[in-house]
**Student:** 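I'd like to ask some things about the structure below.
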Amino acid sequence: MDYKKTLNLPSTKFPMKANLSKREPEQLKEWEESRLYDNIREASKDRELFILHDGPPYANGHIHIGTALNKILKDIIIRSRQMSGLNAVYVPGWDCHGLPIEHNVDKELGARKKDISQAEIRRLCRSYAEKFIDIQREEFKRLGVMGEWENPYLTMNYKYEATIAKECGKFALEGSLFRSKKPIYWCCRCKTALAEAEIEYGDESSPSVYVKFPLEDDLSKKIPVLSGKKVSVVIWTTTPWTIPANLAVCLHPDFKYAAVDTGNGEVFILAKDLVETCMKTFDHPNFTILADIKAQDLERKQCMHPLYDRKSLIILGGHVTLEAGTGCVHTAPGHGAEDYEVGLLYGLDTYSPVNDTGCFTGDVDFFEGKFVFDADKDIVAKLKDTGALVYEEKIKHSYPHCWRCKKPVIFRATPQWFISMDKTGLRKKSLDEINRVEWIPKWGRDRIYTMIENRPDWCVSRQRAWGVPITVFYCEKCGAVHINQEIIDHVYSLFEKHGADIWFEREVKDLLPENTVCQKCGNKTFTKENDILDVWFDSGVSHAAVLEQRLNLKWPADLYLEGSDQHRGWFHSSLLTAVGTRGRAPYKSVLTHGFVVDANGKKMSKSIGNIIAPKKVIDRYGAEILRLWVAASDYRDDIRISDKILKQLTDTYRRIRNTCRFIMGNLYDFEPLKDSVPYEAMQEIDRFALHKLQLLIEKTNKAYNDFEFHVIYHALYNYCTVDLSAFYLDILKDRLYTSPAKSEARRSAQTVMYILLDAVVRLMAPILSFTAEEIRRFMPERKEKSIHLSSLPTARDVWKDESLAGRWERILEVRGEVTKAIEVARNKKLVGHSLDAAVTISVKKDLYDLICPYEDELRSVFIVSGASIVKEEKFADAYASDDVEGLSIMVEPAAGDKCERCWIHDVSVGTDSEQPTICNRCKDALKFQAEPK
RNA sequence: GGAAGGUUGGGCGAGCGGUUGAAGCCGGCUGAUUUAUAACCAGUUGUAGGUGUUAGAGGCACCUACCGAGGGUUCAAAUCCCUCACCUUCCUCCA
């Protein structure tokens, strides 16, 4: 007889091979067709809201591994909050305006751009953004990220654009929006502002000149030796054309300066460390150093401008270096970024007497109308005339050029719009709000706090096409800025209907409410501002455009979650726009993650060639593996990804999957409602398994709550391998296979396995969303249509039994020693399979008393054919435990023959002539099986 | 240059003054099994230097050092402090 057929062996159609890359798209389609997301919304509409507000990715290019990490993290959080009883609505968004798109459209247009209107360029930008939104949407969905994909928020939606203008208007009315000058890159040929990204650096030959700035203030009180001498501060520059705009000379606060007698009756002031080389250059071999001077002693002293009858102030700044020049930096706040910054500190004007075409304005004596680069030689000549020129040469150096026309660019101050950090207390209020927000990890608070504390006013204007205009008007007659509530409301309704495009398509009179009159001069004609807003303002007001306006959302959000770079980006701009207009931060907590790096911790870059694209991972391993990777990593630091790591994750995935499969295989004939065994009737080891499950549930629920997903990954995996595979399920095999199918012993095991699997599947659902659903389909008794409509398991105190668990932990300890002892016997070829063995263990009294009641069970717990326990006996040649004091284990070949059915050696085998190859236990089982109850 | 975070064994990660040469799991190796079988189970597994055993090699036993590097505090440090190196992010008309 083939006894194998009489066993209750596992049976399931659940495939061992996951085949994720093929099966996932089918699952996604099924979810979409069954409108799972909508069903979840409907089912949880009365629950408390949980809002994770999506930071909009930029609608350009394909998603990369970092975007995938971000979106999967969000998805795990949303799903887990949803399953813990909240209503977690997720509205994804995209950032659509901005330079990169405009830049790419520019590139596609090439020379044709000149013939195309701004409105037309905007249309092309819009369709460019739309294209990539569609691409990215599909890529995000493929990751298993669930949300309102058919109704995302786009910063270029008409209503969103209207909101941007309105929010900006609030700053204008409140008085913190103001106009001031700031130097920017400017191409004189294209007559346009340039971004850093539009600059190409190339070698250029420039004049290099040293110029005297006669000291006006008298130093001789402090340094008597200078009394009666002609003292000058000597500066160095490679852009003589900026000298007309000079307002200051900057020294480093920590450098030593020297007053040097040139030997020609003149005294130069320059950095002491550079005296030697400079004097050599100037050909003053007979110089003498008259005195050392501290930079602080020169601060706020006055020099004379070398060309004009005005002063130049001596100031201090950290950007001064000793690498070249004199350690005294010619400073024109209208023509340099650092000059501008330091100029602000000293209250200097942003003087920039150069027009759009790069020619000097009428402000500039001697050189009016001259193109600045052409003026260089005239200025040098003039300096020579006045005697201010110390030395002149030519040098080659790297200089910025326009990406389009390849001409050298200049730095030029132009009027810009700013939001003041301090006029209306924005900085202070923001800092207060930072302290009310929960920052995870904690250092995020300090990071953004320092940034807000130290940042300059926010320059919100850009001279660009693809964005939302700053909707202010200027009186054509008196030039006064015109903005009020009526205009804001009017523009809002126009934008809502036509988008911001209307600003560029229509004439001013069509954009203003009727009968608008300049309040200053009574004039009725206006011009409009052409600058657009910084795109950070666009995404920064998403709380107003999305959270506040959508009925299914709320303000403020519970959580913002982005990479740590967004402390300077979106967290920052969102905070300022919300505090400025509503007095409060738009988020209750902010979570940040690190960046994805390669196996060696290096960032991913095209040039190094170490990029791992999400698509590659998905095609090869499946999105599920990517999700597992996200969950397994501690995302607060930078996280690594490599083929090796992914392979390993595939292994762990397979183990989890297979553990579930094994359980399902053993539940093929189990109907929970009908066959379940009540807790009280269960075997102790089954109750122990339930106890362990409660611990797992408690641990994972806490981890979900704390966003510590790697804890869940490890807990879940260890549970599957250690608690289940290696212990509980391994022991259970005998009971499941050989007991009568409907016996209480087997039903008890099945009951527990069912509970286990049910919990494990729910608990993995936020992470392994595909697999959880797949398993769910193969389980008996499904209450909800989808696992994602169910909830996370909750721990049941009645299933926790500490004293029982304590006893079993001791037994487990002994079991570990027994397997070691068997291994020793196996190496001696005494036994092969553990069922070939019979063990006798000797233990100390207290342990003996604890284990003795379980003596009958030891056989199955140890998975041997016989087990007995004795008190404090000495065995000859037994295995003595190192870990458990007084424990020694004797392993012998089991007595009796091996039962063909259950493989246990038993003396009863062969005693029955009808069934000579099986044991009495199996005989009883077969009898019971034949005529149940 | 400035600001912030980080660096634990082949991998993921515990540990945050002593019980830690360093949990657990994975991977590797060896074995067992063929009733989860492209699965499951058990055992084993860091590197370097030294000493002993040995004819020598291997093996075994013991000692020392190593948690980015170096120094310090302490009876005691992966854990606290300092310096340095490296990695990542930010410093914006880049999202």
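The sequence lines fix the lettering, A, B, ..., with proteins before strands; numbering per chain opens at 1. A quick note: this is a predicted structure, and the numbers were derived from the prediction, not measured. Below, all heavy atoms of this structure are taken into account, side chains as well, without hydrogens, waters or symmetry copies.
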**Student:** In whole Å, measure the gap between the P atoms of B:G18 and B:G5 for me.
**Tutor:**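 Straight-line distance between the two P atoms is 25 Å.
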**Student:** What integer number of Å spans the C1' atoms of B:G13 and B:G72?
**Tutor:**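 Looking at atom C1' only, B:G13 and B:G72 are 30 Å apart.
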**Student:** State whether a side-chain donor-acceptor pair under 3.5 Å links A:Trp570 with A:Glu562.
**Tutor:** no
**Student:** Are A:Val814 and A:Phe862 side-chain neighbours, meaning at least one heavy-atom pair lies under 4.5 Å?
**Tutor:** yes
**Student:** Going by distance alone, is a donor N or O of one side chain under 3.5 Å from an acceptor N or O of the other, for A:Tyr128 and A:Asn104?
**Tutor:** yes
**Student:** Quick test: give all pairs of protein nitrogen or oxygen and nucleotides 19-29 of chain B nitrogen or oxygen below 3.5 Å, distance rounded to 0.1 Å.
**Tutor:**
| residue | atom | partner | partner atom | Å |
| --- | --- | --- | --- | --- |
| B:G24 | O2' | A:Asn718 | ND2 | 3.1 |
| B:G24 | N2 | A:His714 | ND1 | 3.3 |
| B:C25 | O4' | A:Asn718 | OD1 | 3.0 |
| B:C26 | OP1 | A:Arg655 | NH2 | 3.3 |

**Student:** I'd like to know if A:Ser539 reaches the base of B:A95 with its side chain, counting only an N/O donor and acceptor under 3.5 Å.
**Tutor:** no
**Student:** Could you work out which one of B:A95, B:C41, B:A39 sits closest to the side chain of A:Met16?
**Tutor:**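 Nearest nucleotide to the side chain: B:A39.
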**Student:** What's the closest nucleotide to the A:Leu729 side chain, out of B:U34, B:U88, B:A36?
**Tutor:** B:A36
**Student:** To the nearest Å, how far apart are A:Arg640 CZ and B:G11 P?
**Tutor:**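 After rounding, the gap between these two atoms is 8 Å.
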**Student:** Between B:G31 and B:A78, how far apart are the two P atoms, rounded to whole Å?
**Tutor:** 38 Å
**Student:** With a cut-off of 3.5 Å and sequence neighbours excluded, list every side-chain donor-acceptor pair involving residues 714-722 of chain A.
**Tutor:**
| residue | atom | partner | partner atom | Å |
| --- | --- | --- | --- | --- |
| A:Thr721 | OG1 | A:Tyr717 | O | 3.0 |
| A:Thr721 | OG1 | A:Asn718 | O | 3.4 |

**Student:** Is a donor-acceptor pair below 3.5 Å formed from side chain A:Lys17 to base B:A38, judging by atom type as modelled?
**Tutor:** no
**Student:** Where the side chain of A:Ala726 is defined as all heavy atoms beyond and including C-beta, which of B:A36, B:G13, B:C41 is the nearest nucleotide?
**Tutor:** B:C41
**Student:** Given Watson-Crick or G-U pairs with both distances under 3.5 Å, what dot-bracket string fits RNA chain B, with | for other-strand pairs and [ ] for crossing?
**Tutor:** ((((((((.[[[..)..(.....]]](((((.........)))))((((((((.....)))))))).[[[[[..)....]]]]])))))))....
**Student:** Under 3.5 Å, is there an N or O donor on one side and an acceptor on the other linking the side chain of A:Arg447 and the base of B:U89?
**Tutor:**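 It does, because a donor-acceptor pair links the side chain of A:Arg447 to the base of B:U89 below 3.5 Å.
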**Student:** Taking OP1 and OP2 of B:C41, is either one under 4.0 Å from a side-chain nitrogen or oxygen of A:Thr819?
**Tutor:**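 No.
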**Student:** If only side-chain N and O atoms count, and only distance matters, is there a donor-acceptor pair under 3.5 Å linking A:Arg657 with A:Thr771?
**Tutor:** no
**Student:** For B:A32 and A:Lys829 - does any side-chain N or O of the residue sit under 4.0 Å from the phosphate oxygens OP1/OP2?
**Tutor:** yes
**Student:** Expressed in whole Å, how much space separates the C1' atoms belonging to B:A85 and B:A39?
**Tutor:** 47 Å
